[in-house]
2 protein chains.
Amino acid sequence: MASEHQSRTVDAVQTSLDIIEFLQSVESAGITEIADAVDRSKGTVHGHMATLVDNEYVVNDDGTYRLSLQYLDLAETVKGRLQIYDVVRKELDDLAEECGELAQFATEEHGKAVYIYKTEGEDAVQTASSVGNRAHLHCLSLGKAMLARMDESRVDAIADEHGLPEFTDATITTRGELFEELEAIRERGYAFDREERIEGLRCVAAPITMNDEVMGAISISGPASRFSGPLYEDELPNLVTRSANVIEINAQFS
Amino acid sequence: MASEHQSRTVDAVQTSLDIIEFLQSVESAGITEIADAVDRSKGTVHGHMATLVDNEYVVNDDGTYRLSLQYLDLAETVKGRLQIYDVVRKELDDLAEECGELAQFATEEHGKAVYIYKTEGEDAVQTASSVGNRAHLHCLSLGKAMLARMDESRVDAIADEHGLPEFTDATITTRGELFEELEAIRERGYAFDREERIEGLRCVAAPITMNDEVMGAISISGPASRFSGPLYEDELPNLVTRSANVIEINAQFS
DNA sequence: ATAGTCGTTCGGCTAGTGCGAACGACTCGG
DNA sequence: CCGAGTCGTTCGCACTAGCCGAACGACTAT
């Protein structure tokens with residue numbers, strides 16, 4: 001599919017990353033199990049584990065290996081680099097409480113949406129998405145809000161890379177529809193998700209920009225039963241865009 | 001100092017980990033700067049970067065490299081593995097609100113305390129510690145609460161590895177004092193930090209155990225001006241131990 | 001006891017990693 | 001407008017070090 005530049009890569013590092021990925025999927029495992037999973041000899045894996053343990057990325061609990069808590073530190077560092085993270089958190093907590101629903105913040109990376117923060121009001125629905133998860137942009141209110149603020153060429157590149165897979169009957173699956181929708185979003189200033197990703201789940205989102213660059217988007221999500229009529233079409237959009245504005249303004253002083 | 005077993009390790013992986021560590025400290029950097037920092041040739045670093053970018057652990061923004069948001073996902077996975085994480089969050093939020101102070105949860109790893117969750121009441125003090133950070137156990141209420149529930153041999157091993165460095169006049173710096181203090185904590189059921197780490201900062205902590213294994217500890221922190229008399233000696237300890245109990249009970253059904 | 005695990009160590013072969021030079025693209029100043 | 005200085009990238013070569021496979025000791029279970 002997407003054939004990359006293919007510079008020379010380092011095989012040994014690839015092996016270690018494969019091990020880490022495997023350990024992310026299995027909670028904990030022994031040498032033999034890991035060696036089997038990444039298709040290397042036990043001796044080789046043993047050396048990799050020694051390196052990872054030395055650097056405290058992996059912990060050895062009496063014979064079985066698991067990922068360490070080191071990643072928390074990395075994650076906090078990375079989050080802290082989003083200049084608006086603290087401002088978003090505060091404002092989003094208020095927003096979630098005010099409307100009692102689920103509020104989220106996401107950013108774009110590698111052409112996908114990455115959920116960064118999630119906060120729940122009293123009646124919030126439970127969704128599969130959680131912090132760190134990645135999702136296609138075209139089927140999320142968050143994603144479309146961000147796409148609407150990007151160059152067309154960028155949107156095209158992303159569609160090339162990840163496609164426009166269909167999740168429900170309402171999912172946008174053609175570029176024509178997508179560009180039309182993005183135009184409408186630009187005019188309105190906010191984006192809807194009318195059960196385009198998950199049947200029964202509706203969202204409203206507004207982008208957050210700083211000097212013409214998309215920093216991310218925030219959204220409110222709820223069940224279709226509650227999200228309809230003037231509440232869904234007017235009130236919630238107002239709340240979300242208001243919060244987005246507050247974030248944009250506060251972000252300038254931090 | 002602590003000379004490890006020294007199994008055979010993988011140099012190439014070590015290089016990549018050095019690069020990641022460097023990128024954690026500098027926000028973003030180019031090939032030449034990185035090569036300089038990790039003391040490798042530009043060509044070598046180039047190969048490593050290609051590998052890390054391929055695996056999406058690093059992002060290349062027009063010429064400069066930075067850590068990706070991938071680590072959020074890893075961090076959430078790792079947090080999710082602490083069976084009690086969700087229970088702790090909920091209970092700690094309540095606790096922080098009830099007493100208006102700073103409440104924290106930490107675990108032990110590699111003989112150090114790792115802060116996992118932090119939540120602030122209305123009058124909470126600001127501290128340097130934040131999620132993912134590691135700190136010495138012997139000078140924290142959180143740390144001592146955990147040490148008090150470990151075998152003596154384990155405590156000795158930890159003291160061997162990390163020592164008992166002094167931070168303030170009140171810091172415990174000898175094993176004799178430490179073991180005495182741990183005994184007192186075992187009797188009381190909770191631990192104090194009487195400005196042992198930071199001048200003017202006091203804390204109370206209680207350990208969280210599940211079938212005789214320490215899962216971590218929770219604490220309340222505040223300024224010495226407020227943390228004194230019966231509030232500090234009785235009321236806050238009661239609140240903390242009550243919360244710890246609630247967590248232990250709820251954790252059994254999750 | 002024995003046969004099956006497991007993790008660990010080690011010698012040896014060769015693939016792959018690291019180096020450094022060279023290249024093209026770019027940015028400054030003069 | 002062009003040279004001197006960056007930068008990132010590519011590539012051939014030398015040699016290291018990564019990978020394998022076999023062997024070992026410690027366990028467990030039957």
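Fair warning: this is a prediction, and the values are worked out from it, not measured in the lab. Note on naming: letters A, B, ... go to the chains in the order of the sequence lines (proteins, then strands), and numbering restarts at 1 for each one.
Taking atom CD1 of residue B:Ile34 and atom P of nucleotide D:dT9, one finds them 10 Å apart after rounding to whole Å. One interatomic measurement links the two molecules: CG of A:Asp11 to C1' of C:dG18, which rounds to 14 Å at whole-angstrom precision. If you measure from atom CD of A:Gln14 to atom C1' of C:dA15, you get 17 Å, rounded to the nearest angstrom. The interatomic distance linking A:Asp62 (CG) with C:dT8 (P) rounds to 12 Å, in whole Å. The interatomic distance linking B:Met49 (CE) with C:dG18 (P) rounds to 14 Å, in whole Å. For the pair B:Asp36 CG and D:dG8 P, the interatomic distance rounds to 11 Å; values are reported in whole Å. Distance, A:Lys42 NZ to D:dA23 P: 13 Å, rounded to whole Å. The distance from atom CZ of A:Arg40 to atom C1' of D:dC20 is 10 Å, rounded to the nearest whole Å.
Each of A:Thr64 and A:Val13 lies near DNA chain C, and the nucleotide nearest A:Thr64 is the one positioned closer to the 5' end.
Residue A:Thr15 has its side chain nearest to D:dC19 when only D:dG12, D:dT9, D:dC19 are considered. Considering only side-chain atoms of A:His46, the nucleotide from C:dT9, D:dC19, D:dG8 that sits closest is C:dT9. For B:Ala12, counting side-chain heavy atoms from C-beta on, the closest listed nucleotide (C:dG16, D:dG8, C:dG18) is C:dG18.
Put simply, B:Arg8 has no side-chain N or O that comes within less than 4.0 Å of OP1 or OP2 on C:dT9. For the pair A:His48 and D:dG18, the criterion of a side-chain N or O lying under 4.0 Å from OP1 or OP2 is not met. Here B:Thr44 does not reach the OP1 or OP2 of C:dT17: none of its side-chain N or O atoms lies under 4.0 Å away. A close approach under 4.0 Å does occur between a side-chain nitrogen or oxygen of B:Thr32 and OP1 or OP2 of D:dG8.
Ionic pairing of A:Asp156 and A:Arg175 is present here: one or more N-O contacts between side-chain nitrogen and carboxylate oxygen are shorter than 4.0 angstrom. For A:Arg66 and A:Asp61, the salt-bridge test passes: some basic side-chain N is under 4.0 Å from an acidic carboxylate O.
Within 4.0 Å (heavy atoms only), A:Ser41 reaches at least one base atom of the nucleic acid. B:Gly43 comes within 4.0 angstrom of a base, heavy atoms only.
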### Task
Starting from the C-alpha separation in whole Å, work towards a yes-or-no answer on salt bridge (Lys or Arg N to Asp or Glu O under 4.0 Å) for A:Glu108 and A:Arg149.
CA-CA 12 Å; A:Glu108 178 267 338; A:Arg149 288 283 180 281; over 6 Å; no

### Task
List the steps and the verdict of side-chain contact (heavy atoms from CB on, under 4.5 Å) for A:Val10 and B:Thr44.
CA-CA 9 Å; A:Val10 184; B:Thr44 301; over 6 Å; no

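In A:Glu166, the CD atom is crowded: over 12 heavy atoms of neighbouring residues, nucleotides or ligands sit closer than 6.0 Å.
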